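A short worksheet on the structure shown next.
As the structure is a computational prediction, the values presented were derived from the model and not from experiment. Just the heavy atoms: all of them, side chains too, but no hydrogens, waters or symmetry mates, feed the values below. Sequence positions, counted from 1, serve as the residue numbers for this chain.
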Amino acid sequence: MISNPTDRLRHWDTYVAIGDSTTEGLWDVRADGSLGGWADRLAAKLSARRAVIAMPPLNYANLAVRGRTMEPILREQLPHAVSLGADLISITAGGNDIVRPRVNVNRLARQMEEAVRQLRQHNIDVLLVTSSDPSGSPLIELTRSRVSAFNASLWSIAQRYECGVVDQWGLKPLQTWNAWADDRFHLTARGHEIVANAALVGLGLAPDDPHYADVPDEWRRALAGPPPSHWRWIKEHVAPWVARHARGLSSGTGRVAKRPVPTPTNSP
């Protein structure tokens, strides 16, 4: 990856985000009802910085679709991203694989490494995204050993191929309930903004908010209150998820990418 931050901004003309629901933007809902998300926010922030150095807006596409697992992301979205002329690609993949009863984390890591190797051979910069720490979350916490093992693999891949990393695991604000929507699988708008700042840092750039990794005072106060109802969460979100997957369905069944073609991104 190019070392000088200004040179990076000049080099990245087209950014394509691929992945699952996290990158699609659940649940960062805009006033018009459309989804934003950390990747949309990152693209806007990069465009704003390009404007400062008299560069045109960043071209941006988002191919992510909720529910997608590693294989279809790498088989379908990744070649499409390359065909769109991307010089920066972010990859969020593996989370939907890890929550399933059976998964081979080593196989996931090998698939990711091969994809990254091919991208770097074509001089495309890559931004990898670790999963957040599920510690303290009922049921989801059971995947912590898998998550940590896969995250470690992502860091190793990043080091070998000079990739950026969005370090969600290390973000303390994401270990509070306030960062998460009611389903506890997806971030709130504030959570997405925190991750967008972490993405800037992962790309070797300064964050817009120097305190993005601090837990806000109002969130600290909320931690002292009663926890949310776990039984309600299981009934309203976990049970439907289990039932849907028992029928071989995904939340992304029938859905297509929200922004399939790179277009100029306005600054925030």
What are the two closest heavy atoms between L108 and G94, and how far apart are they? CD1-O, 4.3 Å
Beyond-backbone contact of W155 with L128, side-chain heavy atoms, under 4.5 angstrom: no
With the side chain counted from C-beta on, respond yes when V103 and R146 share a heavy-atom pair under 4.5 Å apart, and no when they do not. yes
Evaluate the criterion side-chain contact (heavy atoms from CB on, under 4.5 Å) for residue pair S153 and M112; output intermediate values, then yes/no. CA-CA 9 Å; S153 296; M112 181 68 81; over 6 Å; no
Give a yes or no on whether V129 and I157 share a hydrophobic cluster (residues Ile, Leu, Val, Met, Phe, Trp, Tyr; joining criterion: side-chain heavy atoms under 4.5 Å apart). no
Got L200 and R49 here, is their nearest side-chain heavy-atom distance under 4.5 Å? yes
Could you give me the CA-CA distance, side-chain angles and deciding distance for D125 and L203, then say whether side-chain contact (heavy atoms from CB on, under 4.5 Å) is met? CA-CA 9 Å; D125 284 333; L203 290 173; over 6 Å; no
Decide yes or no for L205 and K45: does some side-chain heavy atom of the first lie under 4.5 Å from some side-chain heavy atom of the second? no
Dump the intermediate steps for side-chain contact (heavy atoms from CB on, under 4.5 Å) on T22 and V195, then the final yes or no. CA-CA 10 Å; T22 303; V195 174; over 6 Å; no
How many angstroms lie between atom CG of L46 and atom CG of L42, to the nearest 0.5 angstrom? 4.5 Å
If we ignore angles and hydrogens, is there a donor and acceptor under 3.5 Å between the side chains of D32 and S34? yes
N59 side chain to T14 main-chain N or O, any donor-acceptor pair under 3.5 Å? no
Closest heavy-atom pair and its distance - I18, A81: CG2-CB, 4.0 Å
Is D97 salt-bridged to R107, going by a charged N under 4.0 Å from an acidic O? no
Looking at R220 and D214, is there a salt bridge between them, counting it only when a charged N and a carboxylate O are closer than 4.0 Å? no
For T130, does its backbone N or O pair with a side-chain atom of N151 as donor and acceptor, under 3.5 Å? no
Got a donor-acceptor contact below 3.5 angstrom from the S47 side chain to the T265 backbone? yes
Hey, is D133 close enough to R144 for a salt bridge, meaning N to O under 4.0 Å? yes
With the side chain counted from C-beta on, respond yes when Y60 and T263 share a heavy-atom pair under 4.5 Å apart, and no when they do not. no
CG on L35 to CG on L26, rounded to 0.5 Å: 5.5 Å
R41 with E193: basic N within carboxylate O range, under 4.0 Å: yes
As a quick check of understanding, evaluate side-chain contact (heavy atoms from CB on, under 4.5 Å) for N178 and R190, giving each step before the final call. CA-CA 9 Å; N178 304 68; R190 182 74 177 273; over 6 Å; no
Do the charged groups of R110 and E113 touch, with an N to O distance under 4.0 Å? no
In terms of heavy-atom contacts, does CD of Q121 have more than 12 from other residues, nucleotides or ligands at under 6.0 Å? yes
Note: K258 and G36 closest approach over all heavy atoms is NZ-O, 2.7 Å
Rounded to the nearest 0.5 Å, what separates atom NE2 in H211 from atom CD1 in I194? 13.0 Å
Do V166 and Y15 sit in the same hydrophobic cluster, where Ile, Leu, Val, Met, Phe, Trp and Tyr count as joined when their side-chain heavy atoms come under 4.5 Å apart? yes
Any sub-3.5 Å donor-acceptor pair from R50's side-chain atoms to A54's backbone N or O? no
Can you tell if the side chain of L9 reaches within under 4.5 Å of the side chain of V52, non-hydrogen atoms only? no
Could you tell me whether a side-chain N or O of N197 sits under 3.5 Å from a main-chain N or O of Y212, the two making a donor and an acceptor? no
So which atom in Q77 and which in V65 form the shortest heavy-atom distance, rounded to 0.1 Å? NE2-N, 3.8 Å
Does T176 reach the main-chain N or O of K172 with its side chain, forming a donor-acceptor pair under 3.5 Å? no
Would you check if the side chain of S21 reaches a backbone N or O of G67 as a donor-acceptor pair within less than 3.5 Å? no
Heavy-atom pair of closest approach, residues V99 and T143: CA-CG2, 4.3 Å
Checking Q168 side chain against S131 main chain: does a donor-acceptor pair fall under 3.5 Å? no
Same cluster (ILVMFWY, side-chain, under 4.5 Å), I73 and V147: yes
Is any side-chain heavy atom of R30 closer than 4.5 Å to one of D40? yes
Heavy-atom distance under 4.5 Å between the side chains of L154 and W169, does that happen here? no
Residues T188 and A181: closest non-hydrogen pair is CG2-N, 3.7 Å
Taking L63 as the starting point, is it possible to reach I89 by hopping between hydrophobic residues whose side chains are less than 4.5 Å apart? yes
How many angstroms lie between atom CZ of R117 and atom CZ of R160, to the nearest 0.5 angstrom? 12.0 Å
Can you tell me how far CZ of R184 sits from CH2 of W177, rounded to the nearest 0.5 angstrom? 4.0 Å
Backbone N/O of T23 and side chain of N62: donor-acceptor pair under 3.5 Å: yes
Pairwise distance OG(S137) to CG(L142) - rounded to 0.5 angstrom: 9.5 Å
